[in-house]
Amino acid sequence: MAEEKKVIRKEIKATGEMNRVMAKYFYELDNAAKTGEKKIAWCTSVGPAELLLSMGFLVYYPENHGALLGATRMATDMIPHANALGYSPDICSYLTADIGAYVQGETPLSRAFKGIEKVPKPDVLVFNTNQCRDVQDWFSFYAKEFNVPLLGIYTHYGVTDVTEAIVPSIAKQMEELIPPLEEISGNRFDMDALKKVVGLSRECSDLWKKVLETAAAVPSPLTFFDGTIHMGPAVVLRGTQKALDYYKILLKELEERIENHEGAVQEERFRIYWEGMPVWGRLRAHSELFSSLKACVVASTYCNSWIFTDFDAEDPFNSMAKAYTGLFIVRSDEAKERYMRQMMEHYKINGVLYHDCKTCPSNSNNRYGMPRRLEKELQIPSLVINGDLNDLRLISDEQTKTNIEAFIEQLEENK
Ligand code: SF4
């Protein structure tokens, strides 16, 4: 039987600094919303944030708020309020938790940050359908609610190779956002400002990549669960110096751990790849469960989604189009499997866990035969768990625990 041991969680010291950086970000947004000193754009997490920042907007990300609702376990109570407005319990539970919280006048921000009472009101909403259709519906709700403009980029889907036939059409859509954004912001578009922001985003992406790649070390200094917390600045502060400053601190700490052979999981014995969304309300429970089984979830598609190696400050529009279309979630199974093969090898993976996330089909890659195909080819066992990113009613904790324990036992037998 796989041995379950007492869990000692190894805390990352840089967490305090990250909390300070994130608090500053939210207070800045709150101040702008209260004073009107700066315009606020709401943007999807892998939308054209660089363009918005370069035009002087502060950028707020509703998906980040959705994740906070999940992590604070507020989401499950909020979802029914969106269902009552006609948003199905089967669609994105970021969307339903966020809209439900809005209509209830609730936000985890007011619990975490004294003085913040609500999410910052937008002056414009900008989405990119590269990840799913839900973001467009989500932002449409708020466009009507706040009576502000809604702008969008419509991306190809199921892309195998990001070819020259695809890139210009996305780049053009980004350029077409300029006139309305100039009107809303009151600022003229400045190519040099955009180049600077794209350069900063690229640096952020490179540092975040280095952070995640520390997990290739054996033992790994980092777990997927740490990654889901520490990716905050890569999501909401990319394109700013603040994100770079933070990741330099975090990277140093992780490199020191590698030098000292300090693993994030004591006596690491198994290395797992997490494919799909995290279960935000169960991060700690899942982290402790894997640690207790001497299993380290070393890598994931999810945390890697904020690595944009295509950003090029010298060619901002085309490179943004490439970066935001080259994402895992936009790609065909053929391209996804190519990527997974590299990840298995790079991180020396013993087993793959697929999260079949009930309300996010776009991030559930187990549904069209991928686990079987990769298992057969790579001889790396896999497990599918059923759950959800935010709606805890869709999760059976007992079942998940039993399945993960049995999976680790199987890996033990294979050793
Ligand atoms: S990708 Fe999934 S979790 Fe993200 S907004 Fe779309 S449906 Fe929601």
Side-chain angles (χ1 to χ4, degrees), residues 42-49 59-72 74-76 78-79 82-83 87-102 119 122 125-143 150 152-159 224 227-228 231-232 234-236 274-283 300-308 323-333 336 354-368 385-395:
W42 287 17
C43 185
T44 48
S45 64
V46 280
V59 183
Y60 169 83
Y61 300 86
E63 282 153 80
N64 173 251
H65 191 249
L68 288 174
L69 283 159
T72 52
M74 293 170 71
T76 307
M78 297 299 133
I79 290 167
N83 301 152
Y87 291 94
S88 163
D90 291 335
I91 64 167
C92 173
S93 59
Y94 273 166
L95 179 163
T96 48
D98 187 65
I99 291 180
Y102 170 77
V119 297
L125 299 139
V126 184
F127 64 84
N128 187 339
T129 59
N130 52 358
Q131 54 192 99
C132 61
R133 68 156 278 176
D134 297 56
V135 288
Q136 183 181 357
D137 296 89
W138 186 357
F139 279 32
S140 299
F141 169 84
Y142 286 118
L150 175 68
I153 292 170
Y154 297 85
T155 298
H156 305 248
Y157 200 70
V159 172
F224 160 65
T228 60
M231 67 188 225
V235 178
V236 304
W274 185 291
E275 173 30 57
M277 298 292 290
V279 182
W280 287 108
R282 292 289 182 264
L283 284 186
S300 68
T301 315
Y302 185 68
C303 290
N304 276 42
S305 299
W306 281 268
I307 294 174
F308 305 104
Y324 288 129
T325 311
L327 291 170
F328 188 87
I329 197 167
V330 187
R331 313 296 288 278
S332 67
D333 272 16
K336 286 177 178 173
Y354 293 84
H355 175 194
D356 189 340
C357 181
K358 169 80 172 150
T359 70
C360 179
S362 306
N363 266 319
S364 301
N365 284 298
N366 60 296
R367 298 183 184 180
Y368 296 89
I385 60 161
N386 295 98
D388 192 56
L389 63 152
N390 261 359
D391 191 341
L392 297 178
R393 295 168 301 180
L394 300 171
I395 294 158

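Each ligand, and each atom within it, is numbered from 1 in the order the structure gives.
Using cut-offs of 30° and 60° on the angle between ring planes, the pair W42 and Y60 is tilted.
Considering only heavy atoms from C-beta on, T129 stays 4.5 Å or farther from Y157 through its side chain.
Using modelled atom types and a 3.5 Å distance limit, the side chains of T359 and D388 yield a donor-acceptor pair.
Residues passing the ring pair (Phe, Tyr, Trp, His ring centres under 6.0 Å) test with F127 are Y154, sequence neighbours excluded.
Ring pair Y302/F328: centre-to-centre distance not below 6.0 Å.
Residues C43 and F139 approach most closely at C-CZ, 3.7 Å, considering heavy atoms.
By the criterion of a separation under 2.8 Å, the protein N/O/S atoms near atom 6 (Fe) of ligand 1 amount to C132 SG.
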